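Below is one structure, written out as structure tokens, with a few remarks after it.
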Amino acid sequence: MHYWERPGAEVQDFQQDSQGCVTEAKVARLNIEPEQIYRACMRARGWERAKPGVPERNQFRGPEDVADFDNPPSPTTGHGSAHSDATTDIACRQPSASRPPGVVCRSR
């Protein structure tokens, strides 16, 4: 999963910027997909896309495909112990060189 991050940003900052970019992305443009518009808009507002193994507190989910623009995911999808534990467990099944940054595996 991809997340958006910006140093010092809180979920409220993300929600405000993301909603503005979703609105902008919904305006039809010839030969430009909504995802491209959304990503360019978010980058223009200082956000960077990241693909962490387990999201950090300042990383938030935004729409990734056309269907998400009508019903965007919760910005904090992936935060919390239940999802993080499952994500970590899956990542820990991979060779250590293939694990995403930040994943810490418990010895069994």
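Computed from a predicted structure; not experimentally measured.
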If I compare all heavy atoms of [X] with all of [Y], which pair ends up nearest, and what's the gap?
{"X": "Ala9", "Y": "Trp47", "result": "CB-CH2, 3.4 Å"}
{"X": "Asp13", "Y": "Gly8", "result": "OD2-O, 4.3 Å"}
{"X": "Phe69", "Y": "Pro63", "result": "CE2-CG, 3.8 Å"}
{"X": "Ser18", "Y": "Tyr38", "result": "OG-OH, 2.7 Å"}
{"X": "Gln59", "Y": "Pro52", "result": "OE1-CG, 3.3 Å"}
{"X": "Asp65", "Y": "Glu35", "result": "CA-CG, 3.8 Å"}

Are side-chain heavy atoms of [X] and [Y] found at a separation under 4.5 Å?
{"X": "Arg6", "Y": "Asp17", "result": "yes"}
{"X": "Gln15", "Y": "Pro75", "result": "yes"}
{"X": "Asn58", "Y": "Glu10", "result": "no"}

Using 0.5 Å steps for rounding, measure from the [atom1] atom of [X] to the [atom2] atom of [Y].
{"X": "Phe14", "Y": "Gln19", "atom1": "CZ", "atom2": "CD", "answer": "10.0 Å"}
{"X": "Glu5", "Y": "Phe60", "atom1": "CD", "atom2": "CZ", "answer": "10.0 Å"}
{"X": "Arg29", "Y": "Gln36", "atom1": "CZ", "atom2": "CD", "answer": "11.0 Å"}
{"X": "Cys21", "Y": "Arg43", "atom1": "SG", "atom2": "CZ", "answer": "10.0 Å"}

Single-linkage hydrophobic cluster, 4.5 Å side-chain cutoff, Ile37 and Met42 together: no

Any side-chain donor-acceptor pair under 3.5 Å between Thr77 and Tyr3? no

So, applying side-chain hydrogen bond (donor to acceptor under 3.5 Å, both in side chains) with His2, which one of Arg39, Arg49, Arg61 is it? Arg49

